[in-house]
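Heads up, the thing below is written out as structure tokens.
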Amino acid sequence: MKQISSTAIIELAIDLASSLNSKDRFDRLLDTVRKTITCDAVALLSYHGDVLKPIALQGLSRDTLGRRFYIAEHPRFLALCQSKSPIRFAADSPLPDPYDGLLIDRAGDLPVHSCMGLPLYYDDNLLGLLTIDSLTPHDFEDIEVRTLEVISAMAAATLNTAFLLEQLESRADHSQLVVAELTEEAWKRDGGELIGDSPIMSQLKQELDIVASSDFNILIYGDTGVGKELVARTLHQKSLRQHGPMVYVNCAALPENLIESELFGHVKGAFTGADRNRAGKFSLADGGTLFLDEIGELPLVAQSKILRAIQSNEIQPVGQDNVEEVNVRIVAATNRDLKKEVAEGRFRADLYHRLSVYPIRVPGLYERVGDVQLLAGYFVEQTRRKLGITQLKITEQAIVHLTQYDWPGNVRELEHVISRATLKARARQRGKAIIVIEPVDCGSLNAVGVELPIELITEHSLSSTANDSVNLSLKAETENFQKQLISRVLKNEEGNWAAAARRLSTDRANLNRIAKRLHIKVVKSVV
């Protein structure tokens with residue numbers, strides 16, 4: 001029988017005690033496991049109700065860290081989570097292995113091999129799993145039970161210590177339990193995790209940890225598609241207001257004549273159509289966070305009204321004489337250069353300084369070295385669930401293909417590429433149980449975007465010049481000119497909206513809104 005040495009136990013205890021952070025502890029734990037038990041892969045996963053999240057691994061492809069394993073969909077994980085003791089699966093076990101296609105040293109599904117898992121309990125609470133795999137069948141059969149129990153205990157203690165430290169750093173006492181439940185449910189539904197461990201993302205996460213507990217107003221800026229809304233929600237979840245509401249406002253979508261009513265509310269009879277009292281966004285966010293997305297799109301008149309509310313912490317609903325006090329933290333986001341907007345008179349300098357007490361820049365995906373692989377794994381798993389695919393894999397060659405692109409559309413573009421690639425892979429491998437994404441499924445990627453056969457059309461034919469012999473409509477002719485210009489630029493850019501937006505000196509979201517209003521469509525040919 002194989003037995004863990006006392007020296008290994010002492011070394012592990014010293015290593016874990018001297019580690020300064022959770023990542024060090026996890027890495028040293030896995031190092032010790034591999035020194036103690038000969039294996040090809042080992043992974044530590046944390047337990048979150050119905051999901052297992054990989055937090056450290058060796059011998060598995062790095063995109064595994066981006067995956068989230070739903071326990072009910074993986075029989076081996078389900079068996080481990082229902083067990084109180086280690087399980088050594090039979091070498092010829094018919095249960096599918098969740099790591100098929102993910103081992104570094106082997107492509108495709110795992111052959112007959114050794115696999116075991118250790119449920120990690122602390123005070124009778126399941127914290128996670130430690131899984132160990134070897135490509136050599138029957139490799140774990142002679143390991144003494146006591147050895148596995150010691151490793152389980154050390155791993156559980158390590159995981160528990162990491163969880164406790166996280167709780168101590170973020171604990172806050174709040175009393176709004178009902179609102180907290182709703183906020184937490186929305187958080188889970190929309191996804192709330194910043195995926196990535198590149199140096200620049202680590203720096204971003206550190207900045208969020210530093211400023212989250214303050215009540216400072218935050219300005220989040222960065223290109224379209226980088227994840228500014230996710231950063232805002234992360235700030236809210238890490239703040240002392242985490243159990244309060246987080247209210248979202250798309251400033252670009254607010255009708256100019258209704259901005260004041262939308263933000264501050266109105267009383268019955270305040271204007272035509274106001275048939276009842278209505279709370280504004282500031283009131284709804286009282287005690288929580290108000291997220292003003294695309295703040296740079298607000299007209300100057302609206303900016304002055306928001307400034308007054310921020311300065312005084314008071315609002316006055318339309319049609320009401322009395323003011324109301326509100327306790328709101330403002331988090332604003334923009335893809336515009338607000339300093340430039342201020343210099344050119346399109347944004348109030350005083351509002352800019354009020355909002356940017358602590359500005360946070362969200363980096364573009366091209367700056368996040370190594371994160372494409374993690375995000376690809378995350379989106380592969382997300383897409384698999386959406387489409388109901390039993391097993392969905394992405395090859396190392398496809399990952400390399402993706403990492404060689406500079407992603408002008410950022411994380412959002414990567415998500416869409418993975419979604420399209422999955423559909424193409426499924427069509428190409430129709431009837432197969434395991435769908436594998438290859439480079440060919442991802443399309444040809446270059447500096448201006450995804451190359452696809454695209455034909456631009458509009459709903460109506462366009463005239464090139466106005467007819468001077470008839471009465472003209474300034475609005476109609478202006479829209480006609482915009483329609484022709486945008487269509488021509490889109491055609492020149494082969495349907496790439498980001499490139500067209502850059503050519504037209506506007507942001508892509510604004511270009512999409514204008515195109516929708518003008519009935520400009522992009523029809524993609526079937527490939």
Side-chain angles (χ1 to χ4, degrees), residues 204 207-223 226 228-242 244-256 258-265 279-318 320 322-362 507 509-510:
L204 173 62
E207 286 191 356
L208 297 181
D209 289 337
I210 289 170
V211 75
S213 60
S214 75
D215 251 355
F216 291 160
N217 296 326
I218 307 296
L219 177 65
I220 303 169
Y221 65 100
D223 293 337
V226 294
K228 295 186 290 294
E229 182 180 346
L230 180 55
V231 170
R233 289 192 282 121
T234 301
L235 267 172
H236 176 74
Q237 283 295 310
K238 289 178 173 288
S239 75
L240 300 178
R241 298 170 178 263
Q242 62 178 299
M246 180 176 179
V247 177
Y248 172 83
V249 180
N250 181 357
C251 296
L254 291 176
E256 191 166 346
L258 293 177
I259 288 178
E260 193 172 359
S261 171
E262 288 290 325
L263 293 176
F264 309 125
K281 303 299 187 183
F282 271 83
S283 295
L284 294 174
D286 191 27
T289 302
L290 181 63
F291 177 44
L292 301 174
D293 196 13
E294 300 192 59
I295 187 74
E297 306 292 331
L298 281 178
L300 288 169
V301 174
Q303 292 175 28
S304 64
K305 293 175 180 177
I306 288 179
L307 175 65
R308 189 166 61 247
I310 296 174
Q311 287 174 328
S312 63
N313 292 321
E314 292 178 341
I315 60 169
Q316 186 172 14
V318 178
Q320 179 175 299
N322 300 327
V323 298
E324 300 176 3
E325 288 190 4
V326 289
N327 176 16
V328 172
R329 182 190 196 180
I330 303 293
V331 176
T334 182
N335 54 19
R336 294 192 176 197
D337 182 348
L338 288 192
K339 284 186 178 180
K340 182 179 179 183
E341 297 290 303
V342 169
E344 296 179 358
R346 291 190 293 270
F347 201 86
R348 293 182 62 108
D350 43 8
L351 178 58
Y352 170 71
H353 291 301
R354 282 280 180 178
L355 292 174
S356 59
V357 176
Y358 198 108
I360 292 177
R361 177 179 175 272
V362 185
D507 64 273
N510 190 43

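Between the His236 side chain and the Val247 main chain, no donor and acceptor come within less than 3.5 Å of each other. Between the Arg336 side chain and the Ile295 main chain, no donor and acceptor come within less than 3.5 Å of each other. Panel note: side chain Glu229, backbone Arg233; no donor-acceptor pair is recorded below 3.5 Å. Between the Asn217 side chain and the Val357 main chain, no donor and acceptor come within less than 3.5 Å of each other. Asp286 places a side-chain N or O within 3.5 Å of a backbone atom of Asn327 that can act as its donor or acceptor partner. Side chain of Ser214 to backbone of Val211: a donor-acceptor contact under 3.5 angstrom is found.
Smallest separation of non-hydrogen atoms from Phe216 and Arg329: O-NE, 2.8 Å. Closest heavy-atom contact between Pro245 and Gly287: CD-C, 4.4 Å. Smallest separation of non-hydrogen atoms from Arg241 and Thr289: CD-OG1, 4.2 Å. Between Lys228 and Gly222, the closest heavy-atom pair is NZ-O, 3.2 Å. Of all heavy-atom pairs between Ser239 and Ala212, the closest is CB-O, 3.2 Å. For the residue pair Gly296 and Leu338, the shortest heavy atom distance occurs at CA-CD2, 4.1 Å.
Applying the side-chain contact (heavy atoms from CB on, under 4.5 Å) rule to Tyr221 yields the partners Thr334, Pro359, Arg361; only residues at least two apart in sequence or on another chain are considered. Applying the side-chain contact (heavy atoms from CB on, under 4.5 Å) criterion to Gln303, with sequence neighbours excluded, gives Leu298, Leu300, Phe347, Arg348, Leu351.
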message = Before you tell me yes or no, could you show the steps for Phe264 and Gln316 under side chain to side chain contact (heavy atoms under 4.5 Å, CB included), namely the whole-Å CA-CA distance, both residues' side-chain angles and the distance that decides it to 0.1 Å?
response = CA-CA 6 Å; Phe264 309 125; Gln316 186 172 14; over 6 Å; no
request  = Start with the C-alpha distance between Leu290 and Lys281, add both sets of side-chain angles, then the distance that settles side chain to side chain contact (heavy atoms under 4.5 Å, CB included), and finish with yes or no.
outcome  = CA-CA 7 Å; Leu290 181 63; Lys281 303 299 187 183; 3.9 Å; yes
query = For Asp223 and Asn335, what are the C-alpha separation, side-chain angles and deciding distance, and is it a side chain to side chain contact (heavy atoms under 4.5 Å, CB included)?
reply = CA-CA 5 Å; Asp223 293 337; Asn335 54 19; 5.7 Å; no
key: Worked verdict on Ile330 versus Phe282 for side chain to side chain contact (heavy atoms under 4.5 Å, CB included)   = CA-CA 10 Å; Ile330 303 293; Phe282 271 83; 4.0 Å; yes
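Counting non-hydrogen atoms of other residues, nucleotides and ligands closer than 6.0 Å to CD of Glu325 gives a total of 12 or fewer.
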